[in-house]
Amino acid sequence: VGLVGIAVMTGLAFARFSRPTARVIFSQIAVVTPYDGVPMLMFRAGNRRRNQILEAQMQVYFMRDEVSAEGHTMRRFYHLKLMRSRTPSFTLRWTAMHPIDADSPLYGVTPDDLEKVRATIVASLSGIDETVVQVIHARQIYAARDILWNHRFVDIFYDTPDGHRYIDYNYFHETIPLEGGDQYI
């Protein structure tokens, strides 16, 4: 009975500690900035794991309150199309980019409009842990106040003198305002 008890406890402890944790971080804010002449909603995801996330995919949804013609208020969900929603290997960082064109539910929207309709953006990332081959999930929610307009993210890639590249996560959440001519609104 003692050996069976130890075996069960060991199995339970192993099962608890062997589950992968996502260890994916998202930028604390999102930005709306021009990119190739198109306004773009952008945010960052970073892989803080020591291994890769395979077959990573990201889904982004825009939610807002809408009032029907009859006066009923309801929460509506819209899928935001990303320029790249899948990657075979998520190693360091991923900048999610949604073009705000005529097909986007954000088209023609201002920061004040987002506040009025209690808008939120939900980002969901999933993939397969390379080491233990289990699915991992991570999620981030951006309220209207978490979206900075006419800002861009600070570059976090640096080169060492011997030619290697690294990411400085100290600036992962940092943005800078755009120069006068590059602004969206």
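What you see below is based on every heavy atom in this structure, not just the backbone, and it leaves out hydrogens, waters and symmetry mates. Here the structure is a predicted model, which means the values were calculated and not measured.
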Practice prompt. Would you indicate whether the side-chain heavy atoms of L106 and P39 approach each other to under 4.5 Å?
Written response: no

Worksheet entry | Residues that V8 engages under side-chain contact (heavy atoms from CB on, under 4.5 Å), provided they are two or more places apart | V4, L12

Fill in: Any side-chain heavy-atom pair of P105 and L80 under 4.5 Å
yes

Discussion item. Ignoring hydrogens, what is the shortest heavy-atom contact between E115 and A144? Give both atom names and the distance.
Written reply: OE2-CB, 3.7 Å

Item to complete: Identify, with sequence neighbours excluded, every residue that meets salt bridge (Lys or Arg N to Asp or Glu O under 4.0 Å) alongside E70.
Response: none

Practice prompt. To the nearest 0.5 Å, tell me how far F90 CZ sits from Q57 CD.
Written response: 13.0 Å

Worksheet item: How long is the span from the OG atom in S126 to the CD atom in Q59, to the nearest 0.5 Å?
Response: 7.5 Å

Worksheet item: With a cutoff of under 4.5 Å between side-chain heavy atoms, which Ile, Leu, Val, Met, Phe, Trp and Tyr residues group with Y171?
Response: I25, L92, V154, I156, F157, Y158, Y166, I167, Y169, F172, I176

Discussion item. Return the CD1 to CG distance between I147 and L114, rounded to the nearest 0.5 Å.
Written reply: 5.5 Å

Practice prompt. Quick one: pull up NE2 in H98 and CE in M58 and give me the separation to the nearest 0.5 Å.
Written response: 14.0 Å

Worksheet item: How far apart are the closest heavy atoms of M63 and F77, and which atoms are they?
Response: SD-CE2, 2.7 Å

Check: residues 116-123 side-chain donor-acceptor pairs under 3.5 Å, at least two apart:
| from | atom 1 | to | atom 2 | distance (Å) |
| --- | --- | --- | --- | --- |
| R118 | NE | D65 | OD2 | 2.6 |
| R118 | NH2 | D65 | OD2 | 3.3 |
| T120 | OG1 | R75 | NH2 | 3.0 |

Worksheet item: Can you list every pair that meets salt bridge (Lys or Arg N to Asp or Glu O under 4.0 Å) and has a residue in residues 151-163, with sequence neighbours left out?
Response: D159-R165

Discussion item. Just to verify, what does D112 make a side-chain contact (heavy atoms from CB on, under 4.5 Å) with, not counting sequence neighbours?
Written reply: T110

Worksheet item: Quick one: salt bridge (Lys or Arg N to Asp or Glu O under 4.0 Å) partners of E174, sequence neighbours excluded?
Response: none

Worksheet item: Tell me, which pairs form a ring-ring contact (aromatic ring centres under 6.0 Å, His included) where one or both residues lie in residues 28-63, sequence neighbours left out?
Response: F43-Y142, Y61-H79

Worksheet entry | Least distance between heavy atoms, A138 atom then V24 atom | CB-CB, 3.8 Å

Worksheet item: Under 3.5 Å, is there a donor-acceptor pair between the side chain of R23 and the main chain of R48?
Response: yes

Practice prompt. Can you measure from CE (M40) to CG (L82) and round to the nearest 0.5 angstrom?
Written response: 10.5 Å

Worksheet entry | Residues in salt bridge (Lys or Arg N to Asp or Glu O under 4.0 Å) contact with R84, at least two apart in sequence or another chain | none

Fill in: Separation of S68 OG from R76 CZ (nearest 0.5 Å)
10.5 Å

Worksheet item: Got a sec, which residues hit side-chain contact (heavy atoms from CB on, under 4.5 Å) with T175, two or more places apart in sequence or on another chain?
Response: I29, V31, L148, H151, F153

Worksheet entry | Minimum-distance pair of heavy atoms, taken over all atoms of Y107 and A102 | CD1-N, 3.6 Å

Worksheet item: With sequence neighbours left out, what residues match E130 under side-chain contact (heavy atoms from CB on, under 4.5 Å)?
Response: N51, Q52, L54

Worksheet item: For L178, does its backbone N or O pair with a side-chain atom of N150 as donor and acceptor, under 3.5 Å?
Response: no

Worksheet item: Which residues pass the salt bridge (Lys or Arg N to Asp or Glu O under 4.0 Å) test with R145, sequence neighbours left out?
Response: none

Practice prompt. Check whether any side-chain heavy atom of V133 sits under 4.5 Å from a side-chain heavy atom of I128, and report yes or no.
Written response: yes

Worksheet entry | Minimum-distance pair of heavy atoms, taken over all atoms of P99 and V38 | CB-CG1, 4.1 Å

